[in-house]
Asks: 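My structure is below; once you've seen it, I'll send some questions.
Residue numbers begin at 1 in each chain, while the letters A, B, ... track the order of the sequences. Please read all numbers here as calculations on a predicted model, not as lab measurements.
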Amino acid sequence: MKKFSFEVTKRCKQTGARLGVLKTPHGDIHTPVYMPVGTAATVKAMTPRELKEIGAEIILSNTYHLHLRPGEDLIKEAGGLHRFMGWDRPILTDSGGFQVFSLSDIRKVKEEGVAFQSHLDGSRRFISPEVSMDIQHALGADIMMAFDVCTAYPCTHDEAEDAMERTHRWAERCKAHHADGGQVLFGIVQGAFFEDLRVKSAKALTDMDFFGYGIGGLSVGEPKPVMYDMLETIMPHMPEEKPRYLMGVGSPDCLIEGVLRGVDMFDCVLATRIARNGTCFTSGGRVVIKNAKYARDFGPLDEECDCYTCRNFSRAYIRHLFKAGEITGARLASIHNLRFLLRLMENVRQAILEDRLMDFRNEFFSKYDMTKNF
RNA sequence: GGAUGGGUUCCCGAGUGGCCAAAGGGAGCAGACUGUAAAUCUGCCGUCGCAGACUUCGAUGGUUCGAAUCCAUCCCCAUCCA
């Protein structure tokens with residue numbers, strides 16, 4: 001479709017990291033980009049207006065969850081996901097593939113597809129590549145993801161290979177079933193933590209020619225260096241002119257390390273989840289704001305942050321809200337954590353533009369206490 | 001002044017002879033969290049500590065091998081009656 005395009009506009013001379021623009025009918029996305037996650041058609045605790053204010057260019061939602069509730073038919077009737085949730089910028093929908101992994105206790109994978117038991121009411125559901133495509137068509141997100149099989153860490157080579165081969169077959173089925181309308185489809189590279197499989201998967205997916213490529217099956221509990229190694233293994237085999245999306249990452253350090261290794265897109269629930277649980281990103285490292293030591297700390301969460309929370313409220317106040325169980329605590333922390341990552345990526349893009357991403361990285365880590373990381 | 005019911009570890013509240021350092025909840029403290037079964041979950045929560053030891057159930061004195069639990073006296077509290 002003409003309405004969609006991706007272009008790498010610049011490479012950092014210092015690191016080779018990419019700057020790009022992904023154009024969609026709902027607006028342009030400047031990469032490298034962090035995408036806030038709104039699984040159930042809402043980024044938890046955030047309104048679309050607030051998301052815009054902090055600079056979110058695209059958000060994520062989820063096929064499995066919306067299929068169960070309220071159902072894709074209802075969302076289609078509402079005019080599609082954008083209108084339903086009042087968000088007019090781009091949306092990416094995950095395929096339900098990650099739920100094959102995260103709901104492993106209540107699902108069965110077969111060649112045809114995956115039989116889930118709804119985590120809401122136990123009812124039996126079946127999602128195949130075709131069903132996932134149908135649901136995602138009905139939802140109408142700009143970017144759709146192929147239905148894949150995500151494996152755990154650790155897993156055997158055989159398990160990883162089976163999951164990968166199935167992911168490839170399913171990717172073919174997704175592509176065949178995808179209606180080339182106002183949406184584009186990403187394939188997903190699997191292969192767990194085996195270099196031969198990752199290379200094979202990258203090549204196989206590239207041959208299928210998707211609009212973009214997810215890198216799945218990482219950040220599932222492995223040490224970070226292992227993930228970084230896998231990225232370095234995969235990247236030389238990814239097409240240069242297509243967007244690369246590292247699924248489910250990350251933490252501030254992982255975002256930077258990912259960009260350095262050629263990643264264009266990220267999403268992660270971490271920012272919003274830990275925000276609701278009383279933990280915040282700061283330029284100095286993680287701050288568990290509900291801890292007693294902040295009871296009389298009347299300074300901002302992060303001196304360097306420009307977000308609404310940091311401009312107007314103290315650590316002591318935010319801690320108080322958490323201790324009191326007030327919903328505003330979760331909201332203020334969510335606003336901050338998301339703005340922290342979005343601003344980090346703004347800075348990353350600026351650094352790439354100025355060919356100094358490695359300098360930026362080193363400066364970031366000189367301040368960021370990794371012993372207080374995730 | 002009389003009647004009745006009570007006083008348990010920070011709070012509420014179980015416990016009526018040994019299995020009680022004492023259920024459960026709350027509060028408090030800490031930890032976890034990476035394509036969201038998460039405003040969730042886990043741990044600690046008398047003191048010192050490895051085992052274990054020591055102090056505690058309004059106060060004091062008894063009974064008993066053994067008491068938060070039984071008896072006596074006293075001190076408080078609540079409600080009702082005068």
Side-chain angles (χ1 to χ4, degrees), chain A residues 34-46 58-66 68-69 92-107 116-123 125 132 136 141 143-151 153 167 186 188-190 212-224 227 245-255 257-258 263 265-281 286 288 290-295 319 321-334 337 341 372-374:
Chain A
Y34 164 73
M35 307 182 280
V37 180
T39 302
T42 173
V43 177
K44 294 183 192 296
M46 299 286 293
I58 172 174
I59 61 171
L60 214 79
S61 203
N62 188 282
T63 297
Y64 167 83
H65 296 265
L66 294 180
L68 293 186
R69 186 172 59 191
L92 180 153
T93 40
D94 188 24
S95 61
F98 185 70
Q99 279 62 48
V100 176
F101 165 74
S102 64
L103 301 179
S104 59
D105 294 340
I106 51 173
R107 57 73 173 150
F116 288 98
Q117 251 187 298
S118 163
H119 69 279
L120 298 175
D121 62 6
S123 60
R125 307 301 177 113
S132 179
Q136 293 188 70
I143 300 173
M144 302 168 40
M145 298 304 296
F147 190 55
D148 64 328
V149 181
C150 183
T151 47
Y153 174 84
T167 293
F186 278 37
I188 300 175
V189 174
Q190 287 291 347
Y213 298 91
I215 298 165
L218 294 182
S219 197
V220 287
E222 76 282 10
K224 289 178 184 181
M227 177 173 82
Y245 161 30
L246 177 54
M247 307 181 76
V249 174
S251 56
D253 55 317
C254 287
L255 293 181
E257 297 295 346
V263 176
M265 304 165 69
F266 303 85
D267 81 282
C268 196
V269 306
L270 187 67
T272 43
R273 178 181 288 168
I274 65 173
R276 291 191 306 283
N277 295 333
T279 300
C280 296
F281 299 133
R286 124 165 55 184
V288 182
K290 64 186 174 186
N291 280 177
K293 60 182 169 182
Y294 302 115
R319 171 180 138 87
L321 294 177
F322 271 100
K323 299 312 289 184
E326 287 293 337
I327 196 167
T328 304
R331 284 181 32 70
L332 294 180
S334 295
N337 276 0
L341 294 186
K372 294 188 196 161
N373 194 39
F374 299 89

Asks: Pairs under 3.5 angstrom only: tabulate donor-acceptor contacts from the side chains of residues 144-151 of chain A to other protein residues two or more places apart or in another chain.
Replies:
unit_1 : atom_1 : unit_2 : atom_2 : d
A:D148 : OD2    : A:Q190 : NE2    : 2.7

Asks: Rounding to an integer number of angstrom, what distance separates B:rG13 and B:rG58 when you compare their P atoms?
Replies: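 Taking atom P in both B:rG13 and B:rG58, they lie 14 Å apart.
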
Asks: Apply ring pair (Phe, Tyr, Trp, His ring centres under 6.0 Å) to A:Y64 and A:F116, showing your working.
Replies: CA-CA 10 Å; A:Y64 167 83; A:F116 288 98; 5.1 Å; yes

Asks: Donor-acceptor pair under 3.5 Å: do we get one between A:T272's side chain and the base of B:rU36?
Replies: yes

Asks: When the nearest nucleotide of RNA chain B is assigned to A:D105 and to A:K224 on a heavy-atom basis, which residue is associated with the more 5' position?
Replies: A:K224

Asks: What pairs of residues pass the side-chain hydrogen bond (donor to acceptor under 3.5 Å, both in side chains) test when at least one of them lies in residues 325-334 of chain A, not counting sequence neighbours?
Replies: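 Qualifying pairs: A:E50-A:R331.
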
Asks: A:S219 side chain N/O closer than 4.0 Å to the phosphate oxygens (OP1, OP2) of B:rU34?
Replies: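 Negative; the distance criterion is not met.
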
Asks: Using salt bridge (charged side-chain N to carboxylate O under 4.0 Å, His left out) as the criterion, list what pairs up with A:K224, not counting sequence neighbours.
Replies: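 A:K224 satisfies salt bridge (charged side-chain N to carboxylate O under 4.0 Å, His left out) with A:D253 once adjacent residues are dropped.
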
Asks: Dump the pairs, protein N or O against N or O of nucleotides 26-30 of chain B, anything under 3.5 Å, distances to one decimal.
Replies:
unit_1 : atom_1 : unit_2 : atom_2 : d
B:rC29 : OP1    : A:R319 : NH2    : 3.1
B:rC29 : OP2    : A:K323 : NZ     : 2.6
B:rA30 : OP1    : A:A292 : N      : 3.2
B:rA30 : OP2    : A:A292 : N      : 3.3

Asks: Please report the distance, rounded to the nearest Å, between CZ in A:R276 and P in B:rA37.
Replies: 11 Å

Asks: Give each protein N/O atom lying under 3.5 Å from an N/O atom of nucleotides 44-46 of chain B, with the pair distance.
Replies:
none

Asks: Does B:rA32 have OP1 or OP2 sitting under 4.0 Å from an N or O in the side chain of A:T279?
Replies: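 Result: no.
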
Asks: Name all pairs fulfilling the salt bridge (Lys or Arg N to Asp or Glu O under 4.0 Å) condition that reach into residues 267-278 of chain A, sequence neighbours left out, sorted by first residue then second.
Replies: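 For residues 267-278 of chain A: none.
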
Asks: What residues form a salt bridge (charged side-chain N to carboxylate O under 4.0 Å, His left out) with A:E257, not counting sequence neighbours?
Replies: A:R261, A:R361

Asks: Identify, with sequence neighbours excluded, every residue that meets side-chain contact (heavy atoms from CB on, under 4.5 Å) alongside A:I327.
Replies: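 With neighbours one apart ignored, the set is empty.
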
Asks: Any side-chain N or O of A:R286 less than 4.0 Å from the OP1 or OP2 oxygen of B:rU34?
Replies: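 The answer is no; no side-chain N or O of A:R286 sits under 4.0 Å from OP1 or OP2.
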
Asks: With a 3.5 Å limit on both atom pairs, tell me what B:rG49 is paired to, counting Watson-Crick and G-U wobble, or say none.
Replies: none

Asks: Could you list the residues that satisfy side-chain contact (heavy atoms from CB on, under 4.5 Å) with A:C268, not counting sequence neighbours?
Replies: A:Y34, A:L270

Asks: For B:rU36, does OP1 or OP2 lie under 4.0 Å from any side-chain N or O of A:Q99?
Replies: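 It does, given that an N or O in the side chain of A:Q99 lies less than 4.0 Å from OP1 or OP2 of B:rU36.
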
